[in-house]
Each structure stands twice: as structure tokens, then as C-alpha cells.
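What you see is a predicted model; the values in this text were computed from it and never measured. Whatever order the structure lists them in is the order used to number ligands and atoms, beginning at 1.
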Amino acid sequence: MKTETRNGSGGQSASRGHVKAAGWGKGLSILTRITVMALRHPFQSALAIGATLIASGFQLMIPKLLGRAIDEAQGIGAGGSVGTAAQDALLVTALLLLAASILRGLFTMVQNYYSEAVGHHIGYELRLACYEKIQRLSFSFHDSVHSGDLITIGLLDLEGVRMYFSTALVRMIFLSVLIGLGAYLLLSTDVVLGLLALSFVPFVGWRSSVTQLRLRATWLDLQERLQVLTRVMEENLGGIRVVRAFAAQQHELEKFDAASKSALELAHQRVGIRVANTSAMTLSFFAAMGLVLYVGGGKVMAGEITVGTLASFLTFMTILQMPVRQLGLMVNAFARASTCGARLFGLLDLDVAVKDAPDARPLQLTEGTLRFENVAFAYPASPDTPALDGVSFEARRGQTIGIVGPPGSGKSTLAHLIARFYDVSGGRITLDGQDIRSVTLKSLRRSVVVVQQDSFLFTTTIENNIAYGDPWAKENQISRAAESAQLHNYVLGLPASYGTVVGERGVSLSGGQRQRLSIARAVMLKPAVMVFDDSTAAIDAATEQRIRHAMRRYASERVTIIVAHRLSSLMHADHILFMEDGRIVEEGSHEELLARNGRYRALYDLQVRPGDDALTG
Ligand code: ADP
């Protein structure tokens with residue numbers, strides 16, 4: 001089983017750029033896996049394949065019947081009948097022809113419907129599996145993969161796999177029957193004419209496959225160039241203020257033009273490939289037809305075959321032309337399913353790094369005590385540089401722990417380890433004596449809530465955003481949480497109050513308001529451990545103090561961890577840890593740390609003027 005991260009031992013990425021085209025053996029096993037998925041819908045698959053066989057049978061009857069009709073019209077039908085008898089025979093053949101065409105059409109409909117249906121079922125199952133996997137993959141994976149790559153796997157690659165059943169497998173059955181049985185019928189009627197009629201098949205099949213594979217390669221290239229175009233546009237829109245402020249429109253336009261030109265060149269190249277090959281294939285088809293006409297016409301004149309037989313040869317060639325031209329599409333569909341499947345299954349087969357242990361039990365909370373015991377941690381991206389080293393502390397219910405230190409000292413890392421976003425590399429973290437790796441993730445994440453630095457809002461109402469973790473929450477619970485986060489009065493002033501839609505497509509909130517909404521969202525859950533990861537940085541000190549005041553009782557019932565840059569955010573904490581290079585270098589209460597005259601004191605002198613203590617409440 002592959003590991004979830006790219007950089008760990010045996011690490012493997014699911015990103016597009018890093019998965020090479022599957023080798024033959026691997027490609028075959030991927031295609032087998034998709035076929036097995038299709039066969040899990042036996043009724044639909046059987047109908048699709050059965051209808052394909054029947055439709056190709058009827059398709060093959062048409063040239064035969066046409067030839068027979070022509071012969072009968074000339075009075076040289078099977079019985080050599082003339083007059084009314086010949087007319088009757090012609091009518092019967094015409095009706096048979098009509099019936100064969102209708103039945104062919106009907107069975108083709110059944111084939112198309114059920115082969116597409118199987119594809120859509122596979123698409124649905126894979127889409128769900130992908131989404132579920134992405135939800136479960138841990139942060140170390142998301143750290144290493146661009147979210148755009150995941151979206152591409154979930155959309156484009158999934159489409160390649162979904163199309164496999166209808167455009168590769170069923171089409172292959174259809175083409176095999178049509179060409180195989182058709183060749184037999186032609187050759188058994190007249191070997192020379194049969195060979196001439198089939199002479200265009202290898203050339204067209206080869207050209208079509210080569211063209212489609214070349215078009216596929218350039219298509220992938222084109223997608224990459226279009227992605228560059230999208231990125232330039234995204235950056236331009238995102239940074240529009242910077243662009244205008246620095247009068248860099250011309251520079252931006254040139255960047256966009258360069259990306260756009262490179263996409264245009266490739267598009268031209270693609271048109272060239274397609275047009276040249278279409279003409280070559282058509283030429284070879286008509287050349288073969290000319291040969292059949294010439295040699296067949298001679299045979300008709302020599303009385304070796306009838307005009308009807310010659311006509312059936314020509315009709316057969318016309319019928320065969322389209323599917324043979326589509327051979328390339330089929331080859332392409334196989335190639336596409338194999339590479340897309342490699343990436344998609346690569347993602348689905350990743351082993352989730354942070355998951356429930358086999359014997360995991362729900363967390364049992366009693367005292368509500370959190371302990372770090374000699375915790376060490378290194379990110380998979382830089383295994384040799386520990387982000388945390390030898391961190392030990394204890395926090396009991398009702399206590400507030402402040403964590404401060406220079407940027408990069410490991411504060412956020414410490415906060416994330418409590419919710420088990422990553423697993424510790426050494427030591428252990430316990431909640432009421434239970435190692436957090438031994439309890440179920442669901443129960444842990446109900447008991448530990450991290451209010452992040454970046455407050456993410458979903459495009460929905462304020463009410464739904466606050467109640468995200470508890471969809472059954474009552475209105476008064478939501479407004480009470482908003483009151484604690486000092487958001488209630490602001491919400492009442494909005495046009496639709498708690499029903500106001502926020503997020504990218506709704507009312508935009510300021511950084512501080514977003515943070516207050518995140519705090520309200522976390523407060524709703526009443527966790528045993530509440531972690532604020534620099535989540536009040538955009539809130540002014542006075543409002544922050546009011547929040548702290550409103551949450552005083554709330555804080556007395558749980559462990560509160562406050563990570564902050566601003567000392568005034570955590571000076572009131574019962575215990576403060578000063579971090580540097582992943583280690584606790586000083587700890588104690590505010591007064592104790594001041595008295596030590598160390599790093600904390602230096603930071604205090606830098607940030608807080610004497611007399612400002614009143615701010616901290
Ligand atoms: P702080 O919160 O104190 O600013 P962090 O905990 O964010 O510090 O970071 C501690 C160290 O870990 C830094 O050296 C940082 O570069 C590194 N780091 C943080 N996040 C990641 C990540 N997702 N992947 C790899 N390294 C990281």
C-alpha cells in the first residue's frame with residue numbers, strides 16, 4: 001500500500017504531474033479493474049453487450065439485403081422469378097430491409113443507453129469514493145498536493161475512466177464483430193473482391209489510431225497551456241489592486257498574450273494533424289472503392305457475380321468505413337482510461353496516515369486533562385528538521401494555556417497536533433490518560449476544536465455557518481454563541497439578520513468579523529479542549545477583551561489554548577509557554593515570566609507599554 005505523503009519513504013503522489021503513463025502490465029490491471037466495476041452492474045452490462053452483438057448482426061444483414069433487392073429488381077433473384085413474382089420478392093426484401101434497419105436502430109439505442117448508464121454508475125461510484133478519500137486524507141497529504149490537481153483527478157480523470165465502458169469496451173466488441181463477421185461474409189462470397197473491399201481497413205485503422213494518440217498527446221499539452229492561461233488570469237483578478245496600483249496592466253497583458261499565443265499555436269497544430277489525416281483516410285477509402293468497382297465490374301461483365309453482389313460489397317464498405325475510422329477513438333479511449341485510471345486509483349489506494357487504530361475506542365472524558373509528554377514532530381516535507389522537540393506540559397479543565405514565540409517556532413504545529421491533524425513523531429499526547437492515537441477520530445474531534453488563523457466561510461447563511469458542527473442547534477443557542485463571540489449585534493444590523501448569506505457569493509465580512517464567526521462556530525460545540533490558533537489577530541484588542549469576558553464561564557469548563565503573537569491576547573493565561581525552534585524555552589505565569597527577565601520580558605517590553613495591562617482584563 002502506498003503511503004499518503006509524497007516525501008516519506010515509498011511516498012507517492014496522486015498529482016497529475018507525478019504519475020507516469022502506466023506500463024502495459026499495470027495498464028492492463030487498471031482496465032481489468034474498471035471492467036470488474038462495470039460487471040458489478042450485470043444486468044445493464046449484459047444488455048449493453050447483448051444489444052451490441054445483435055445490432056452488429058442486423059447491420060451486417062443490410063448490405064446483403066440491398067444486393068438481393070437489386071438482383072430481384074432485375075429479375076435475377078434467388079428463384080429467377082419474373083413479373084409479379086419478382087415484384088413480390090422485391091417487396092419482401094424491401095420489408096426485410098426496413099425491419100433490419102429498424103431493429104438495428106432499436107438495438108443500437110439499447111446498446112448506447114445501457115453502455116452509457118453503466119459508465120454513469122461507475123462515474124458516480126468513483127466520484128463518491130474520491131470525495132470520501134479526499135475528506136479522509138490527512139493534512140500531510142494536502143500539504144503536498146495542489147488542490148487544483150485533486151480537482152482535475154476528480155473531474156477529468158474520472159471522465160476518462162467513466163467513458164471506458166461505452167467508448168472502449170463496447171465499441172471494441174462492436175468493431176470486432178462487424179469487421180470479423182463482415183470479413184468472413186465478404187471473403188466467403190468472393191476472395192479477391194473481399195480482400196479489395198477490406199484493403200482500406202488496415203491503413204485507416206492505423207492512421208486513425210496514430211492520429212488519435214497524437215491528438216491526445218497534444219490535448220494534454222493544450223490543457224497545460226490553458227492552465228497557465230487560467231493561472232495568469234486568476235492572479236490578475238486576485239491581485240487586481242496591486243496591478244492597478246503599480247500601473248502594470250501592460251506587463252500583465254503581455255504575460256497573458258504570451259500564454260494565449262502558445263495555446264493558439266498548439267490549437268493550429270492540432271487542426272493540421274486532424275485535417276491531413278482525415279483526407280488521407282478518405283482517399284484510401286475511395287481508392288479501395290474504385291478498385292472494387294473496377295475489378296467487381298469486370299466480374300459482373302464476365303458473369304461471375306451479379307450486380308447485386310457488387311452493390312452489397314460497396315454498401316458493406318460504406319457501412320464499415322465509419323466504425324473503422326473510429327478505431328482511433330477506441331484506442332484513445334483505452335489509453336485514456338489507463339492513464340486516468342492510474343491517477344484515480346493511485347489516489348483511491350493511498351493509505352490514510354491519520355486514521356482510527358483497529359482497536360480505537362471513543363474518548364472517555366472525566367477530568368478533562370490534556371498532557372503533552374515529550375512530544376516531538378517533524379513534517380514529512382522536512383523530516384530532518386523537527387518542528388517540535390521535547391514538548392511537555394499539562395493543562396487541566398478550567399485552565400488557559402498561552403503559547404507565544406517568534407514565527408516558525410512551532411506554535412501552530414503544537415495546536416494542530418492536539419486535534420490529531422498530524423500524528424506525533426515522538427512522545428505522546430493524552431486526554432484523561434488516553435493516547436489520542438488510541439481513540440476514535442470522530443470522538444476526538446468532537447472534544448478538541450481548533451479555531452484556525454484563516455476563517456473559512458461557506459457560501460450559506462450566517463446561521464448555517466455558525467451551526468456547521470451542530471446542524472440541529474436551536475436558534476437561541478446560535479445567537480448565544482454569536483453573543484459570546486461579540487458578533488450578535490453586528491448580525492442583527494444585517495439585512496436578513498442570521499439569514500444573511502455570507503461567503504464568496506454573499507455579504508463579505510471583514511477579517512475580524514470572519515474570525516468572530518469562526519469563534520462562534522467553535523463555541524457551539526462545547527469541546528473539552530478549545531484551541532485558538534492566532535484566531536483573534538484581526539480582532540481589535542478591546543473587542544477581544546469583551547469576547548474573553550463573555551466567555552469567562554465557558555472557559556472555566558474546559559481547557560483553553562491560546563496561540564497568539566499579541567501578548568495582550570494571552571497575558572491573562574494561567575500558564576504561558578514561550579516557544580523557540582520547536583522547544584519550550586520559558587514557561588510560567590505572566591508575572592513569573594516577567595520576573596525572569598528573559599525572552600518573554602523582552603517581547604513584553606517591545607509590545608506592551610507599562611500601564612497597558614488594564615487592556616487584558
Ligand atoms: P508558528 O506557528 O510558530 O509560526 P509553525 O508551527 O507554523 O510555526 O511552523 C513551525 C515550523 O514548521 C516552521 O519551520 C515551518 O516552516 C514548518 N512548517 C509549518 N507548516 C508546515 C507544513 N505544512 N509543511 C512543512 N513544514 C511546515
Discussion item. Among all the protein's heavy atoms, is there at least one whose distance to atom 16 (O) of ligand 1 comes out below 4.0 Å?
Written reply: no
Discussion item. Using the salt bridge (charged side-chain N to carboxylate O under 4.0 Å, His left out) criterion, which residues pair with Asp534? Sequence neighbours excluded.
Written reply: none
Discussion item. Taking a cutoff of less than 4.0 Å between a non-hydrogen atom of the residue and any ligand atom, is Gly405 in contact with ligand 1?
Written reply: no
Worksheet item: Parallel, tilted or perpendicular: which fits the ring planes of Phe372 and Phe393, with parallel below 30° and perpendicular above 60°?
Response: parallel
Worksheet item: Without hydrogens or angle criteria, can the side chains of Asp435 and Ser438 be said to hold a donor-acceptor pair below 3.5 Å?
Response: no
Worksheet, complete the sentence: Closest to atom 19 (C) of ligand 1 among protein heavy atoms sits Tyr379 CE1, 3.4 Å
Practice prompt. Could you find the nearest protein heavy atom to atom 14 (O) of ligand 1 and give me its residue, atom name and distance?
Written response: Gly408 O, 4.0 Å
Worksheet, complete the sentence: Looking only at protein heavy atoms, what sits closest to atom 3 (O) of ligand 1 is Lys411 NZ, 2.9 Å
Worksheet item: Do Tyr379 and Thr413 get their side chains close enough for a donor-acceptor pair, meaning under 3.5 Å?
Response: yes
Worksheet, complete the sentence: Heavy atoms of Arg566 and Glu544 approach each other most closely as NH2-OE1, 2.7 Å
Worksheet, complete the sentence: Closest heavy-atom pair, Asp533 versus Ser412, reported as atoms and distance to 0.1 Å, is OD1-OG, 3.0 Å
Worksheet item: Can a protein heavy atom be found under 4.0 Å away from atom 27 (C) of ligand 1?
Response: yes
Item to complete: Return yes when Pro406 approaches ligand 1 closer than 4.0 angstrom through a heavy atom, no otherwise.
Response: yes
Discussion item. Is it the case that the side chains of Arg548 and Thr400 hold a donor-acceptor pair, with the cut-off being a distance below 3.5 Å and no angle test?
Written reply: no
Discussion item. With heavy-atom distances below 4.0 Å as the criterion, list the atoms of ligand 1 near Pro407.
Written reply: 4 (O)
Fill in: Tyr554 to Pro527 - nearest heavy-atom pair and separation
OH-CD, 3.3 Å
Item to complete: Any atoms of ligand 1 less than 4.0 Å from a non-hydrogen atom of Ser409? List them with their elements.
Response: 1 (P), 3 (O), 8 (O)
Worksheet, complete the sentence: Heavy-atom proximity to atom 7 (O) of ligand 1 ranks first, among Ser412, Gly582, Gly410, Ala381, for Ser412
Worksheet item: For atom 9 (O) of ligand 1, what is the nearest protein heavy atom, given as residue, atom name and distance?
Response: Thr413 OG1, 3.7 Å
Worksheet item: To which protein heavy atom is atom 23 (N) of ligand 1 closest, and what is the distance rounded to 0.1 Å?
Response: Asp143 OD2, 2.9 Å
